[in-house]
Structure formats: structure tokens, C-alpha cells
Asks: 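Dropping a structure here in C-alpha cells format, bear with me for questions.
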Amino acid sequence: MTNKKKVLIILIVLIMIIIGNIKSYANIENKTIKKEYQTTQNAENEFLNEIYNTETENLKIINVDKKISEENYITKEIIETKELNKQDRDYINQEFGEKQNFSDGEYKGELTISDVKIETINHGYYETIDEKALNFSHYSDNDLNNIEKEIILNNTKYYLINVNWEAETTKPIDGENVPQTYKGNKIYQAVKKVANPNTYKVTVTYSGTIEKINTIYDYTITYENKTEEKQEEPKENNIVPIVIISGIGLAIILINLFNIKNTYIYSKTSKGFKLLKKERLSNKNVTIDITDYKNRNVDNIYAIKISKMAFDRLKGRTISITLGNRKKDIVIWNDYYEIKM
């Protein structure tokens with residue numbers, strides 16, 4: 001609708017009001033307002049006292065909804081690493097523990113093993129001397145030429161280092177027992193590389209859902225807000241000729257019409273909210289300065305009520321409340337707000 005059409009409609013209504021001597025009265029409207037808050041278990045009593053203190057004659061609490069916030073729960077992981085001698089799962093569970101109780105003063109809960117990673121640690125080799133003693137018998141003489149100097153066992157070369165001879169059978173000759181055959185053992189040695197036992201780097205991940213020790217609650221408070229939109233009540237007059245509404249008189253009426261206050265500013269008191277002042281918001285004027293207002297609240301808590309016509313026009317716009325060098329911006333999605341400057 002163009003501005004010209006709006007002005008024309010307003011003029012027709014004014015003429016009808018003046019001619020018909022119609023009076024305007026205060027319009028009382030009940031609206032439901034929902035506000036969301038968050039508090040903790042430790043601060044709940046103080047929070048509820050503050051909420052109930054917000055009630056006034058025109059603002060009544062009609063419902064209090066409480067639920068545990070999703071913010072109470074988070075997923076937690078803990079990673080632990082140990083070097084173990086074995087890698088089987090039962091041994092790992094025994095060394096680490098399948099479950100773990102978690103508490104850091106803010107959250108608590110039980111975590112269980114969700115992942116296991118195993119890395120083999122090779123500790124290399126060491127050298128050692130391996131000795132083999134091999135028995136022999138029925139040798140006709142004790143000559144070393146009859147003994148192998150090197151032998152291969154299990155793909156390893158062994159070297160002869162000693163031979164122990166012993167008479168196996170004897171024959172008496174000239175009153176002496178002379179050996180006829182020999183037996184004994186031959187000693188071989190080899191230097192062998194032996195692998196050191198492997199160990200295992202085991203990394204265990206514990207995971208699970210933990211919850212806040214000081215429980216967080218989400219509150220939704222539903223208020224019934226009784227609002228009163230007051231309009232100026234013209235004095236009773238007899239029928240006024242249309243001719244009077246012309247020239248300067250028409251201009252004055254239009255000026256007053258476009259300056260109708262559409263926004264109410266309240267200051268919080270011990271007895272509720274008290275009207276501080278009325279202002280007019282428009283597309284060009286989206287700032288309310290309460291710096292010089294009287295009866296300001298010492299805690300700087302205020303309420304802003306916007307008329308339905310102004311709310312429909314300004315919905316989605318940002319308005320600013322200023323108090324000295326302080327400023328609070330509000331995006332208009334509701335027709336009532338409480339703010340602290």
C-alpha cells in the first residue's frame with residue numbers, strides 16, 4: 001500500500017471520528033510469551049526465586065517446564081599406551097582393565113575399551129657360543145686325524161675345539177692292559193645369532209558418554225502478558241463540519257497522527273514494571289535513548305513493548321536501546337522484550 005493511500009484512509013477515518021463523535025478507549029489484550037532459560041542444579045533454587053520475582057500484575061507465570069539439557073552429555077575418549085610382553089587380548093584386558101571410571105570434577109561416567117592397536121617392537125639379536133658334545137666309539141686309535149674338524153648342524157657350521165679319549169676295550173700284553181679300541185666325546189662350538197624376545201607397544205582407546213556432575217536444566221517459562229494499548233481520547237464535540245479540516249488544521253492533525261507513540265518503555269521496580277516513557281519507532285527511527293529518563297531502574301533492567309501495528313511494520317528489523325555510552329541491539333521477532341543494560 002502506498003503512502004498516499006495510507007494518508008487517504010487515515011483522513012477518511014479522522015473525518016468519520018470527528019463527525020460521528022466516536023471515542024477511543026484503552027484496548028486490553030492478553031498474550032502468551034514463552035522464554036527459555038538455562039540453569040544448573042546447584043543454582044536452581046536461586047534461579048527459580050528470580051523467575052517468580054519477575055511476576056507483575058500484568059505479567060503472570062502460567063507454566064514452568066523443566067527438562068534435562070542435552071548439554072549434560074558429551075562423548076569422551078582416553079588413550080593409554082603400555083609396552084607388554086604378550087599381545088593376546090585377554091592379557092591386554094588384564095593389564096589395562098576393560099573399563100575405567102572417569103571423573104574430572106566437571107564430568108563423570110564409565111568408559112570401556114573401544115579400540116586396541118598393537119605395534120611389534122623388535123629388539124634385534126645377540127651373539128652366543130653354542131657347544132655340542134658328540135659321543136664316539138670303536139675307534140682303533142686315538143689319532144685326531146680320525147676326527148672331523150668341522151661339522152654342519154641345522155645349517156650352522158661347528159668347529160672342533162677338543163676331544164676326550166677313553167679306552168673302550170683292552171688286551172693284556174707283557175703284563176699291561178693295552179687299549180684295542182677307543183671311545184669318548186668330541187666337543188664342537190659355533191657362534192650363533194639369537195633373536196631377543198619381541199615386546200609389544202599396545203595403545204588402548206577407552207570411550208563412552210559422560211555427564212555433567214552439576215546437572216544442567218533447560219527451563220521454558222510461559223507468561224500471560226496483559227498489555228494495554230492506550231490511545232488519546234478526543235474531547236466530546238458536536239458535529240464538526242468537514243470544512244474545518246483543511247489548511248493548517250489538516251496539517252496539524254497529520255503531524256499528530258504520524259507522531260503517535262507506538263513503543264512503551266518500562267523500568268523494573270520492586271513492585272513490578274513501571275511505565276518509564278512512550279516513544280515512536282518507525283522505519284527511519286529505530287533508536288530509543290533512555291539516558292535522560294527519570295525513574296530509571298538502579299539495576300538497569302527494562303522492558304520494551306511494541307504496539308501490534310509497529311511490530312508488523314518492524315518485524316525482523318534491528319532496533320537499538322542506548323543508555324549513556326551503553327547500547328543494546330534487539331532484532332524484533334517478538335513484541336515484548338526484557339533487557340539489562
Side-chain angles (χ1 to χ4, degrees), residues 32-55 59-126 194-224 299 301 316 318 328-334 336-341:
T32 299
I33 300 173
K34 288 189 176 182
K35 296 187 178 182
E36 295 182 351
Y37 302 91
Q38 198 172 75
T39 188
T40 62
Q41 185 176 14
N42 293 346
E44 187 175 24
N45 290 338
E46 182 179 352
F47 162 77
L48 289 174
N49 288 335
E50 291 180 0
I51 287 297
Y52 289 122
N53 285 336
T54 62
E55 281 195 307
L59 189 68
K60 300 293 185 183
I61 296 174
I62 59 175
N63 187 56
V64 177
D65 181 57
K66 168 187 173 182
K67 64 179 182 180
I68 295 178
S69 174
E70 293 181 359
E71 294 180 26
N72 279 290
Y73 306 98
I74 62 173
T75 300
K76 180 68 177 178
E77 281 190 353
I78 293 178
I79 297 176
E80 290 189 0
T81 300
K82 292 182 180 181
E83 187 172 331
L84 303 180
N85 295 323
K86 293 188 288 185
Q87 60 177 329
D88 64 273
R89 186 59 184 264
D90 289 339
Y91 180 73
I92 291 172
N93 288 346
Q94 179 182 347
E95 290 296 313
F96 281 88
E98 293 186 47
K99 297 181 180 180
Q100 200 178 91
N101 289 322
F102 175 85
S103 179
D104 63 356
E106 185 178 3
Y107 286 90
K108 65 178 181 179
E110 185 178 76
L111 308 179
T112 58
I113 293 178
S114 58
D115 185 58
V116 177
K117 293 181 179 178
I118 301 173
E119 179 183 344
T120 301
I121 302 174
N122 189 325
H123 293 284
Y125 296 83
Y126 66 93
V194 180
N196 286 303
N198 290 335
T199 57
Y200 304 92
K201 179 182 176 182
V202 181
T203 301
V204 170
T205 300
Y206 294 89
S207 63
T209 300
I210 58 176
E211 61 179 323
K212 273 273 193 180
I213 295 174
N214 186 13
T215 306
I216 301 173
Y217 297 117
D218 288 333
Y219 271 89
T220 301
I221 312 298
T222 305
Y223 296 88
E224 183 179 69
D299 296 322
I301 298 175
T318 299
K328 178 82 73 174
D329 290 333
I330 301 173
V331 179
I332 301 301
W333 295 113
N334 296 295
Y336 179 83
Y337 287 91
E338 291 180 20
I339 61 172
K340 180 176 177 65
M341 296 296 294

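Remember, it's a predicted structure, so these values are computed and weren't measured experimentally.
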Asks: What residues, two or more places apart in sequence or in another chain, satisfy side-chain contact (heavy atoms from CB on, under 4.5 Å) together with Q38?
Replies: S69, E71, I216, D218
Asks: Return the set of residues passing side-chain contact (heavy atoms from CB on, under 4.5 Å) with I213 (not counting sequence neighbours), or none when no residue passes.
Replies: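 Partners of I213 by the side-chain contact (heavy atoms from CB on, under 4.5 Å) criterion, ordered by chain and then number, come out as S103, K108.
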Asks: Just grab all the ring-ring contact (aromatic ring centres under 6.0 Å, His included) pairs involving residues 59-96, residues at least two apart or on different chains.
Replies: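 Non-adjacent pairs meeting ring-ring contact (aromatic ring centres under 6.0 Å, His included): zero.
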Asks: To the nearest 0.5 Å, how far apart are OH in Y200 and CG in L84?
Replies: 10.5 Å
Asks: With sequence neighbours excluded, tell me which residues meet salt bridge (charged side-chain N to carboxylate O under 4.0 Å, His left out) with E106.
Replies: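 Checked E106 against salt bridge (charged side-chain N to carboxylate O under 4.0 Å, His left out); matches are K212.
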Asks: Who are the side chain to side chain donor-acceptor pair (under 3.5 Å) partners of T54, not counting sequence neighbours?
Replies: Y223
Asks: I'd like to check the side-chain contact (heavy atoms from CB on, under 4.5 Å) partners of S114; sequence neighbours left out, ordered by chain and number.
Replies: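 With sequence neighbours excluded, S114 shows a side-chain contact (heavy atoms from CB on, under 4.5 Å) to T205, S207, given in chain and number order.
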Asks: Compare every heavy atom of K99 with every heavy atom of Y206, then report the nearest pair and how far apart it is.
Replies: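 Scanning both residues completely, I find the closest heavy atoms to be CE2-C, 4.2 Å.
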Asks: So, taking the atom named CG in N49 and the one named CD in E44, what distance separates them when rounded to the nearest 0.5 Å?
Replies: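 Nearest 0.5 Å value for the CG-CD distance: 10.5 Å.
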Asks: Any luck finding a side-chain donor-acceptor pair between T203 and T81 under 3.5 Å?
Replies: yes
Asks: Flag the pair L48 / Y219 as yes when at least one side-chain heavy-atom distance between them is below 4.5 Å, and no otherwise.
Replies: yes
Asks: Would you say that I78 contacts L111 through its side chain, given a criterion of any heavy-atom pair below 4.5 Å between the two side chains?
Replies: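 Sidechains of L111 and I78: in contact.
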Asks: Suppose we screen for ring-ring contact (aromatic ring centres under 6.0 Å, His included). Which residues come up paired with Y37, at least two apart in sequence or across chains?
Replies: F47
Asks: Less than 4.5 Å apart, any side-chain heavy atom of I330 and any of I339?
Replies: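 In contact.
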Asks: Where do N196 and H123 come nearest, in terms of heavy atoms and distance?
Replies: ND2-O, 3.0 Å
Asks: Under the salt bridge (Lys or Arg N to Asp or Glu O under 4.0 Å) rule, what pairs show up with a residue in residues 83-93, not counting sequence neighbours?
Replies: none
Asks: I'd like to know whether Y52 forms a side chain to side chain contact (heavy atoms under 4.5 Å, CB included) with I61, so could you lay out the CA-CA distance, the side-chain angles of the two residues, the decisive distance to 0.1 Å, and finally the verdict.
Replies: CA-CA 8 Å; Y52 289 122; I61 296 174; 3.7 Å; yes
Asks: Residues two or more places apart in sequence or in another chain: which of them pass side-chain contact (heavy atoms from CB on, under 4.5 Å) with D329?
Replies: T318, S320, K327
Asks: Quick one: side chain to side chain donor-acceptor pair (under 3.5 Å) partners of T40, sequence neighbours excluded?
Replies: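 N214.
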Asks: If I take atom OG1 from residue T199 and atom CD1 from residue I121, how far apart are they, to the nearest 0.5 angstrom?
Replies: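 T199 OG1 to I121 CD1: 4.0 Å, rounded to 0.5 Å.
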Asks: Apply side chain to side chain contact (heavy atoms under 4.5 Å, CB included) to the pair K76 and Y107, showing each step before the final yes or no.
Replies: CA-CA 10 Å; K76 180 68 177 178; Y107 286 90; over 6 Å; no
Asks: Among all residues two or more places apart in sequence or in another chain, which pass the salt bridge (charged side-chain N to carboxylate O under 4.0 Å, His left out) test with K34?
Replies: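 Expected list: none.
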Asks: Given side chain to side chain contact (heavy atoms under 4.5 Å, CB included), test V204 with D115 step by step and report yes or no.
Replies: CA-CA 6 Å; V204 170; D115 185 58; over 6 Å; no
Asks: CD1/I74 to CD1/I210 distance, rounded to the nearest 0.5 angstrom?
Replies: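 Taking CD1 in I74 and CD1 in I210, the distance rounds to 4.0 Å.
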Asks: Tell me, with the steps shown, if Q87 and I118 meet side chain to side chain contact (heavy atoms under 4.5 Å, CB included).
Replies: CA-CA 7 Å; Q87 60 177 329; I118 301 173; 3.8 Å; yes
Asks: What's the spacing between I92 CD1 and Q94 CD if we round to 0.5 Å?
Replies: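 It is 11.5 Å, given to the nearest 0.5 Å.
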Asks: Check whether any side-chain heavy atom of Q41 lies under 4.5 Å from a side-chain heavy atom of Y217, and answer yes or no.
Replies: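 When only atoms from C-beta onward are counted, Y217 and Q41 do touch, with a gap below 4.5 Å.
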Asks: Using 0.5 Å steps for rounding, measure from the CG atom of N72 to the OG1 atom of T215.
Replies: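 N72 CG to T215 OG1: 5.5 Å, rounded to 0.5 Å.
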Asks: Using salt bridge (charged side-chain N to carboxylate O under 4.0 Å, His left out) as the criterion, list what pairs up with E338, not counting sequence neighbours.
Replies: K35
Asks: Does the side chain of I33 reach to within under 4.5 Å of the side chain of N334, using non-hydrogen atoms?
Replies: no
Asks: Looking at K340, I'd like to know if its NZ atom is crowded, meaning that more than 12 non-hydrogen atoms belonging to other residues, nucleotides or ligands lie closer than 6.0 Å.
Replies: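 Buried by this count: over 12 neighbours within 6.0 Å.
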